[in-house]
Amino acid sequence: MKNDRVWIAITMGDPAGIGPEIIVKALSHVEIYQKCIPVVIGDRAALADAIRFCNLPIELRELADVTEAKGDFGNIDFINLNKLQPGEWEYKKNSAKCGEASFQYVVYGIKQALEGKVKAVVTAPISKESINMAGYNYSGHTEIFAEYTGTDDFAMLLASRELHVIHVSTHCSLREACDRVKKDRVLKVIRLAQEGMKQLGYQNPKIGVAGLNPHCSENGLFGTEEEKEIFPAIEEARKEGINVTGPESPDTVFVKCQAGQYDIVVAMYHDQGHIPLKLSGFKYNLLENKYESVSGINCTIGLPIVRTSVDHGTAFGKAGEGRANEGSMMDAIFAGVKMAEYRKSGF
């Protein structure tokens with residue numbers, strides 16, 4: 001194995017979901033170990049259970065500190081936070097106990113990155129309901145990372161093999177999302193799009209900006225946000241030398257991005273960006289009741305550390321059954337490596 005591999009923390013996610021399973025499945029691929037030294041932050045009980053029901057020929061190696069990891073294929077190096085004992089949780093169900101455990105995995109991973117012991121944190125999915133049941137009032141990973149790293153300006157960037165999207169707003173009501181479309185925020189997200197795409201290997205990314213309203217408001221017939229908030233932000237970004245175009249009609253800008261006219265789209269709200277991204281990366285087989293492809297990652301841009309994640313949820317419906325697809329977890333690990341290497345190069 002290469003000696004210059006990137007050290008990565010992988011947080012286990014909600015134990016009642018597919019997080020443990022997709023982690024052990026991803027770490028059963030030798031190519032992961034050719035790129036990085038992964039350390040899982042979680043619980044022995046859940047990881048051992050996942051190895052059992054996935055019937056994988058790999059072993060667990062418990063560490064006292066992440067720096068003890070050896071990164072040899074066939075062994076999963078992990079930190080045991082000992083939040084769960086066998087039989088103390090139930091697959092497919094939200095609970096305060098699993099919420100507490102999954103929250104602590106994330107906080108521990110962030111701490112390792114801030115201390116420089118790992119160069120990226122890759123997260124398996126958490127349940128927002130469970131962490132709120134445990135008393136932690138966050139709407140998702142993005143907000144936890146922002147608070148625990150002291151970050152004010154950040155954005156969610158999603159990537160499949162065919163499309164990249166970054167969001168002006170994410171976890172809020174649609175009514176509130178419309179109110180958040182302001183020039184200053186749109187400009188910040190355009191800048192974050194530039195930064196994020198450079199970390200993913202694009203030297204001069206082409207950025208397309210979606211409008212908020214149908215047909216970009218048809219010159220004010222359906223709203224004024226494009227004229228008053230979005231276009232002025234684009235003009236200012238252009239003056240800064242950013243290669244940005246728009247606003248483009250939301251029903252065509254993603255098609256143009258897939259065709260190569262843009263490298264990334266700035267979406268105005270959560271579902272405007274998530275729906276086309278998942279259509280491009282997820283393939284579901286209705287007859288076999290399973291996903292044949294789960295391609296895509298989620299990155300938080302603007303943090304002082306690298307954070308990537310799978311682009312799907314806890315999938316409680318299939319948890320504990322050994323049929324979850326690890327593709328997105330593998331993509332997230334490889335993206336974490338690429339972004340960490342970019343930062344190491346002195347961006």
Side-chain angles (χ1 to χ4, degrees), residues 1-13 19-20 23 26-27 32-33 35-44 46-47 60-72 75-84 100-126 131 134 136 138 140-157 192 195-196 199-200 297-310 329 332-347:
M1 297 292 180
K2 291 164 50 179
N3 293 327
D4 59 348
R5 290 177 292 160
V6 176
W7 290 66
I8 286 181
I10 304 174
T11 59
M12 199 180 73
I23 289 172
L27 297 184
I32 295 292
Y33 288 84
K35 292 286 187 179
C36 68
I37 297 175
V39 182
V40 180
I41 313 300
D43 266 285
R44 174 182 286 276
L47 291 170
L60 290 173
R61 180 164 55 213
E62 187 170 335
L63 311 176
D65 189 88
V66 296
T67 58
E68 298 175 359
K70 297 180 180 179
D72 52 337
N75 293 284
I76 295 179
D77 293 315
F78 78 105
I79 298 292
N80 184 15
L81 293 195
N82 204 29
K83 298 296 180 181
L84 302 169
E100 175 69 30
S102 59
F103 184 81
Q104 295 303 329
Y105 306 151
V106 174
V107 171
Y108 191 96
I110 293 170
K111 183 174 183 289
Q112 304 311 298
L114 289 174
E115 292 178 357
K117 292 182 178 180
V118 298
K119 299 304 179 186
V121 181
V122 178
T123 59
I126 58 174
I131 65 169
Y136 302 107
Y138 295 92
H141 271 118
T142 303
E143 293 74 19
I144 298 172
F145 272 81
E147 179 163 329
Y148 276 80
T149 61
T151 304
D152 294 323
D153 295 331
F154 58 92
M156 178 189 294
L157 188 156
L192 290 169
E195 175 187 331
Q199 291 186 41
L200 289 170
I297 61 163
N298 176 344
C299 314
T300 307
I301 307 301
L303 302 174
I305 62 176
V306 172
R307 180 256 167 164
T308 65
S309 180
V310 296
M329 173 56 71
I333 293 170
F334 289 134
V337 170
K338 180 177 288 188
M339 296 174 80
E341 289 176 340
Y342 176 82
R343 290 191 176 216
K344 184 180 179 181
S345 70
F347 76 103

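Note that the structure is predicted; figures quoted are calculated from it, not measured. Just so you know, these numbers use all the heavy atoms, side chains as well, and skip hydrogens, waters and symmetry mates. Counting from 1, the numbers follow the sequence of the chain as shown.
Partners of A124 under the side-chain contact (heavy atoms from CB on, under 4.5 Å) rule, at least two apart in sequence or in another chain, are I23, M329. Remark: E62 pairs with R44 by the salt bridge (Lys or Arg N to Asp or Glu O under 4.0 Å) rule, at least two apart or across chains. Residues that satisfy the side-chain contact (heavy atoms from CB on, under 4.5 Å) test with T11, not counting sequence neighbours, are I41, Y105, V106, V121, T123. With sequence neighbours left out, the ring pair (Phe, Tyr, Trp, His ring centres under 6.0 Å) criterion links Y138 to F103. Considering only residues two or more places apart in sequence or on other chains, N75 meets the side-chain contact (heavy atoms from CB on, under 4.5 Å) condition with E59, R61, D72. With sequence neighbours left out, the side-chain hydrogen bond (donor to acceptor under 3.5 Å, both in side chains) criterion links T308 to no other residue. The ring pair (Phe, Tyr, Trp, His ring centres under 6.0 Å) check on Y108 picks up nothing, with sequence neighbours excluded.
Panel note: side chain R343, backbone P304; a donor-acceptor pair is recorded below 3.5 Å. Formation of a donor-acceptor pair under 3.5 Å by the D43 side chain with backbone atoms of N82 is found in this model. Side chain of D77 to main chain of G71: a donor-acceptor pair is present (N/O by atom type, distance under 3.5 Å, no hydrogens or angles). Side-chain atoms of Q112 do not come within 3.5 Å of backbone N or O of G109 as any donor-acceptor pair.
For residues 103-115, every residue pair satisfying the salt bridge (charged side-chain N to carboxylate O under 4.0 Å, His left out) rule, not counting sequence neighbours, is listed here: K111-E115, E115-K117.
How far CD of E147 is from CZ of F154: 10.0 Å, rounded to the nearest 0.5 Å. Atom CD1 of residue I305 and atom OG1 of residue T300 lie 9.0 Å apart, to the nearest 0.5 angstrom. One finds the CZ atom of R5 at 11.5 Å from the CD1 atom of I32 (value rounded to the nearest 0.5 Å).
The side-chain contact (heavy atoms from CB on, under 4.5 Å) test with L157 singles out one residue from N298, L192, L200, I297, and that residue is L200.
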